[in-house]
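Order of the sequence lines sets the chain letters (A, B, ...), proteins ahead of strands, with each chain counted from 1.
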Amino acid sequence: MRSSPPCTPPTTAASCRVAPSRPVTGARKGEQTPAADLPVARVVVDVPLAHLDRPFDYLVPATAAATAVPGCRVRVRFAGQQVDGFLLSRAAESDFGGRLGYLTRVVSPEPVLSPEIAALARSVADRYAGAMIDVLRLAIPPRHAKVESEPPAGPSPVPAAPPVQGWHRYPRGPAFLDAVRAGRQAHAVWQALPGEDWPARLAELAVTAAAGERGAVLVVPDYRDVARLHAACVALAGEEAVVALSADAGPAKRYRRWLSVLRGTARIVVGTRASVFAPVRRPGLFVVWDDGDDLHADPHSPYPHVRDVLVQRAHAAGASVVVAGFARTAEAQLLVDTGWAPEIVGSREELRAAAPRVVALGESDVQLARDPAARAARIPSVAFDAARTALQAGRPVLVQVPRGGYVPALACQHCRAPARCRRCAGPLGLPAARPDSGPAGEGPSAPTCRWCGVPDTAFRCGTCGSRRLRAIVVGARRTAEELGRAFAEVPVVGSGATEVLATVPNRPALVVATPGAEPVPEEGYGAALLLDGWALLGRADLRAGEEALRRWMLAAALVRSHREGGRVVVMAESVLAPVQALVRWDPVWHARQELDARTELGFPPAVRMAAVDGPAKALAVFLEELELPPTGEVLGPVPLGPEDRERALVRTSRAEGRALAAALATAQHVRTARKEPDPIRVRLDPLELI
DNA sequence: GCAATGAGCGTC
DNA sequence: ACGCTCATTGCT
């Protein structure tokens with residue numbers, strides 16, 4: 001109903017209906033009036049209930065007319081509580097039939113949620129059957145009021161286009177660089193040549209984009225990569241134009257850097273997974289380096305993957321995309337196969353020139369190396385020879401071991417199948433000795449499941465029935481000891497979970513490192529020994545082969561070319577596909593195989609799949625209510641761990657991926673609307689599937 | 001027949 | 001965590 005006295009200030013039908021109709025002059029003390037212009041604020045509220053994942057309308061009080069800008073943080077009264085929210089937009093009127101409340105306050109007028117990121121968060125939430133507010137929590141760092149009040153620096157100078165030679169080693173490299181330079185949208189899947197100075201190449205792309213006044217976002221797995229790539233960008237574009245975003249900085253530093261992106265000071269963003277949402281101005285280039293690294297999958301709801309977000313964002317922004325690494329994932333292969341991205345790979349001649357000589361073990365070597373009784377033979381003679389030669393030439397040698405600690409995994413003594421927990425099929429291991437306990441003392445502890453923690457005192461192999469166990473991985477410490485004895489004159493340095501070295505000098509040294517912690521050598525390793533390859537390949541994981549090859553290539557790429565004497569010895573059987581791919585340095589061949597295998601099995605990325613888990617009963621109800629699209633199919637549920645939890649896999653064709661996510665979201669809405677106490681977790685295309 | 005009370009629910 | 005609805009209770 002329109003009230004008869006005219007609303008003051010002039011209003012629309014909606015605001016008149018919902019606002020106090022009393023003229024301002026007659027308003028009671030403390031009574032609010034709506035803003036004259038666009039009095040309705042659409043707000044996304046921070047509440048954990050899935051069915052409330054939509055905007056709610058509020059009135060903007062006249063006092064906040066200028067500060068309640070789109071993208072600002074607000075506080076609102078929602079169901080009696082004060083909750084945080086983001087103001088999406090201002091509108092003249094509301095569709096809501098009821099009475100609107102006022103914004104409680106504008107927390108800050110800083111427009112932290114740009115329309116671009118708001119739209120991205122919505123589409124990422126939809127893609128992953130999650131809530132927009134959860135994506136915003138990943139995308140926008142917590143506010144730091146003091147930092148926000150610091151005067152902004154203003155845009156940094158546009159950097160000059162860098163001279164670029166490095167991309168000429170790749171037949172399609174110069175064309176891609178031209179597209180970035182011209183501001184054309186281009187896509188690429190890039191496999192870096194072994195030994196490639198990939199931070200330099202990516203910096204060249206980023207600074208080229210920045211020189212054309214386009215922003216660039218480069219996402220890498222961890223803070224060490226951030227540091228390297230940041231340094232490479234700074235070398236070409238100067239300090240001001242580049243910012244490093246990673247979670248390890250404190251809240252103030254983190255927010256200051258993020259604001260420098262928002263305010264247009266920084267033009268190039270280098271960071272870990274959350275940087276994929278960084279609000280760069282005029283985005284022109286998005287890069288994900290080493291897209292197979294698990295760190296690119298965010299462990300927080302809705303569990304988005306950097307590569308997917310990047311592709312969605314670049315598509316909406318008309319920006320270029322590079323999905324890069326030494327190895328290639330099945331997902332990247334699909335981008336190539338569907339024609340979405342041309343591949344950038346080195347020419348045959350360049351590859352021949354750059355690659356180290358890689359040798360794998362024959363069957364007899366493997367038997368020897370696996371035998372813990374022949375301790376000295378654990379590192380076979382080809383490996384010793386490679387190490388000795390490199391050390392004599394004055395170069396460091398990389399020794400890659402799977403994990404830190406001591407004897408972490410167990411296998412059947414007889415058939416060597418990985419020892420699995422009888423309850424949950426998780427891997428059995430020996431619990432790590434307490435660091436403070438003495439060397440001797442308490443006896444050996446029972447094999448224990450590393451997933452559910454249940455000790456198994458009466459192991460029996462599921463494959464051959466043997467009761468005897470053996471260690472299949474010898475930890476970094478013991479390997480270091482053995483090598484140290486073999487090369488007594490050479491220093492042994494370790495890099496792993498506790499301390500990670502960034503670089504090593506060009507001197508003889510044995511560098512023992514776990515995957516991902518390999519120090520970058522000043523001038524290339526003389527050799528790399530990739531130990532315990534069967535342990536990497538023995539994981540009961542769909543991606544074990546891909547993951548092993550990725551880690552090997554990351555390490556082997558740090559070795560000098562075979563022309564400079566670079567040797568790589570991988571302790572795994574040469575008949576295995578990932579080993580062959582390493583020996584031939586053919587990541588494309590392996591990615592094709594991997595994608596074919598997943599297509600055959602009906603696993604992502606060939607199909608869209610969701611892992612749904614929760615308490616057995618709640619899960620059953622959820623699956624019952626789930627209205628799947630035509631190609632939908634439910635696998636399981638199967639028990640998950642020692643609790644009452646179960647997990648089902650739900651899959652559809654890729655074409656029905658959106659419909660699958662929508663169906664899952666709807667089922668979640670129904671649950672939260674009913675106030676079901678048991679949470680059901682939904683993850684789309686999760687990395688660990690079996 | 002109908003106020004007073006309380007549980008349940010939706011949330012602008 | 002409020003304010004709304006709707007059911008139940010208890011009194012005239």
Considering only side-chain heavy atoms of R77(A), which listed nucleotide, dC2(C), dG10(B), dC12(B), is closest? dC2(C)
Within 45° cone of F603(A) ring axis and under 6.0 Å: R543(A) NZ or CZ: no
Of the listed nucleotides (dC2(C), dA1(C), dC12(B)), which one gets closest to any side-chain atom of Q81(A)? dA1(C)
Could you state the OH-C1' distance from Y102(A) to dC12(B), rounded to the nearest angstrom? 13 Å
Could you tell me which non-hydrogen atom of A330(A) sits nearest to which non-hydrogen atom of E546(A), and how far apart they are? N-OE1, 3.1 Å
How many whole angstroms separate atom NE2 of H51(A) from atom P of dG10(B)? 7 Å
Rounded to whole angstroms, how far apart are NE2 on H669(A) and P on dG10(B)? 15 Å
With no hydrogens and no angle check, just 3.5 Å: does a side-chain donor-acceptor pair link D134(A) and Y128(A)? no
Using a cut-off of 4.0 Å on non-hydrogen atoms, how would the nucleic acid contact of R42(A) be classed: base, sugar-phosphate, or nothing? nothing
Using the salt bridge (Lys or Arg N to Asp or Glu O under 4.0 Å) definition, which of the options R598(A), R651(A), R608(A), R654(A) pairs with D685(A)? R608(A)
Round to the nearest Å and state the distance from D53(A) atom CG to dC12(B) atom C1'. 15 Å
Rounded to whole Å, how long is the line connecting atom CZ of F78(A) with atom C1' of dG10(B)? 8 Å
Counting only Watson-Crick or G-U wobble pairs whose two distances fall under 3.5 Å, which nucleotide matches dA1(C)? none
Answer with yes or no whether the side chains of T104(A) and Q82(A) bring together a donor and an acceptor at under 3.5 Å. yes
Specify the separation, in whole Å, of atom CG of D57(A) and atom P of dG10(B). 20 Å
Starting from C1' on dC9(B), measure out to CG on L49(A) and report it in whole angstrom. 12 Å
According to the 5.5 Å centroid and 30° plane-angle thresholds, does F96(A) stack upon the nucleobase of dC12(B)? yes
Rounded to the nearest angstrom, tell me the gap between atom NZ in K675(A) and atom P in dG10(B). 7 Å
Using a 4.0 Å heavy-atom cut-off across all strands, classify R54(A) as base, sugar-phosphate, or nothing. base
